[in-house]
Amino acid sequence: MTPTALHGPFIDRLLSGRGIWPAVPAIIVLAIVAVIPFMVLLSLGFSDVVSSRGVIISQEFSLRHLKAALSDSLYWTTFRRSIGLAVTTTLLCMLLGFPVAYLYLIGGKWTRRIILVLTIAPILTSGIVRTYAWIVILGGRGVINTTLMQLGLIDQPVRIINTHWAVLIGMVQIHLPIMILPLIAVMTRHDTRLDEASANLGATRLGTLRHVILPLATPGLGTGAALVFTLSYTTFVVPQLLGGGNYLNAATMVFEQVVYALEWNKGAVTAVILMATCLIGLIGIAALTNLATRWTRAGRS
Amino acid sequence: MTTQWRYREFLDRLGIGVIIAIAVFSLALLVLPSVVVVMISFDTRAFISFPPQGFTLRWYQEVFNHPVLVGAMWTSFKVGVVVTLACIAFGVPTALACARGELRGRTALSIYVIAPHMVPGIVLGVAVLFTGALVGIGPSIWLQAVTLSVFVLAVMVRTVTSRLQRLDPALEQAAANLGATPFQAFRTITLPLLMPAILAGSVFTFVEGFDNLSVTIFTHGFRDRPLPIELLAIVQQTSSPMVAALSGVQILLAILAMITLSLSVGLDGVND
């Protein structure tokens, strides 16, 4: 180290160091606005608080709220519905997203450009706007109903919106770009000479897809699945707008408990359960990705 | 033998054809809903119906003459700017540490910074709301901006870190050899090279500050309600094409954001 760096102004010493010093401000802010709040959330969920005029008098560890939640059948149906919806959304996004990534791999410059635009634009568009588009399409006087009536296939509007199906359609379309982006990242790094070698060895294009491309793309599928699962499991907008007034998922449940009912302990417990189950889901996806990577690489038909 | 070969060839083409058909379907699914909304935003009738009739800019005028909506846009704009500035101020130094610190600290730091972004937005929102209440800080535009900054800091750090890791360290070394102090080397060599990444990161942090609902819904101020909150309410209340026009405005903003991205790091650089 040069003498100037050692004796220079403070900022020079910071910049020349190899330590984590430049990150200290961010570390402190994250501690105050993320770490401490999360601990408060846990403590609210797992304690009995006695307060008077907003001042906490006593706080004791208690599993009362968790027990109350676990014995409430509304919790079980809501969480089962949320998990089912998130898993279905993730699987459908994989099914619809992988072909797009394959098209990106084999496509020319313009195909690739179009795919990138169509994938990135929705990510930069408000989720509420994109969900509103489905109200316009699926609604009572929406695109589908008016078209079907004009064709004379139905006499009066069919109820599509405010059903489970409307929520599922919206979920898949809204989260599809999140699945495609990591897959494209994998495809960008993909060495196409491998595909040529595979073809030269007499493999069909499907064979190359199955034995060369799929094994290398599996980690991308895993990343995409983890992102889509987290977001679709905890989303608020789609079920609220397309599911109708009484369609509860875990996120809308937290909102109702905290904002409408002002039951903070209950809301805290629901949020903690939501996060814990989300984490379990992510661990499950990581394990499945590992298995699938090994299976696709070993498989030889 | 040839029949078998032909059958194999046929199956192969069929399979690839089906895959490409699904790809085209998916791409259409991504773009068509927005196209429908934009078409309807020019409809002359006062209710939503398809196909649209006529052409009018009336609904766009109504959006910009709607004091509540304009106020909400302004609020969200301010939040987006504050979030972006905060993410640059805290994120760029953090990225330096993430890219150049000692290996052990680096990994721990990356996990620590990215964790708040991995936590579901509503969980972070609820946690901050509760904590603020305990210390007497109610929901406000500031609580919203601070929480959103913490939520999206990871995006800026990740974008800048990956750019830093691909920079040639010899460049800064050369500057040092020529007598530049570390600060001079950073300002004249590294920072200009980082600008595209900072710009790309800013696009994402601004959009999140402007559009985010999951964190916002628990932390926003009740006097200055941001756009996503107003939008959520208005979508549930009315079926006027004005909502379509408001969506059209937001879609236009997204297109502008995308053009900025493609001019800064290029669209294929978004993934790095």
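Within every chain, numbering begins at 1; the chains are lettered A, B, ... in the order of the sequence lines, protein sequences first and strands thereafter.
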Which atoms of [X] approach chain B - backbone, side chain, both or neither, heavy atom under 4.5 Å:
X	result
A:Leu181	both
A:Ile137	side chain
A:Leu282	neither
A:Ala226	neither
A:Ile180	side chain
A:Val258	side chain
A:Ala31	both
A:Val35	side chain
A:Ile106	side chain
A:Trp134	side chain
A:Val33	both
A:Gln150	side chain
A:Phe255	both
A:Leu241	side chain

Can you tell me how far the [atom1] atom of [X] sits from the [atom2] atom of [Y], to the nearest 0.5 Å?
X	Y	atom1	atom2	result
B:Leu32	A:Leu118	CG	CG	9.5 Å
A:Leu124	B:Ile259	CG	CD1	11.0 Å
A:Thr208	B:Ile16	OG1	CD1	8.5 Å
B:Asp211	A:Ile123	CG	CD1	13.0 Å
B:Leu232	A:Ser126	CG	OG	9.5 Å
B:Arg13	A:Arg205	CZ	CZ	7.0 Å

**Study point:** Taking every non-hydrogen atom, the tightest pair across A:Ala26 and B:Thr94
**Key:** CB-OG1, 3.1 Å

Practice item. Identify the heavy atoms of A:Pro22 and B:Ala97 that sit nearest to each other, and give their distance. Key: CD-CB, 4.3 Å

[X] vs [Y] side-chain heavy atoms within contact, under 4.5 Å:
X	Y	value
A:Pro25	B:Phe90	yes
A:Phe38	B:Val119	no
B:Asp268	A:Arg112	no
A:Gln173	B:Pro33	yes
A:Thr235	B:Ile122	no
B:Leu124	A:Pro37	no

Review point. Picking from B:Val37, B:Leu30, B:Val207, which has the most non-hydrogen pairs under 4.5 angstrom with chain A?
Key: B:Leu30

Any donor-acceptor pair under 3.5 Å from [X] side chain to [Y] backbone:
X	Y	value
B:Asp12	A:Thr204	no
B:Ser26	A:Gly97	no
A:Tyr132	B:Val243	no
B:Gln250	A:Val129	no

Practice item. Heavy-atom distances under 4.5 Å only: say whether B:Leu29 touches chain A with side chain, backbone, both or neither. Key: both

Review point. Of all of A:Leu231, A:Ile128, A:Thr234, A:Val24, which one pairs up most often with chain B through heavy atoms under 4.5 Å apart?
Key: A:Ile128

Practice item. Sort out for me which of A:Leu206, A:Val100, A:Thr131 touches chain B most, counting heavy-atom pairs under 4.5 Å. Key: A:Leu206

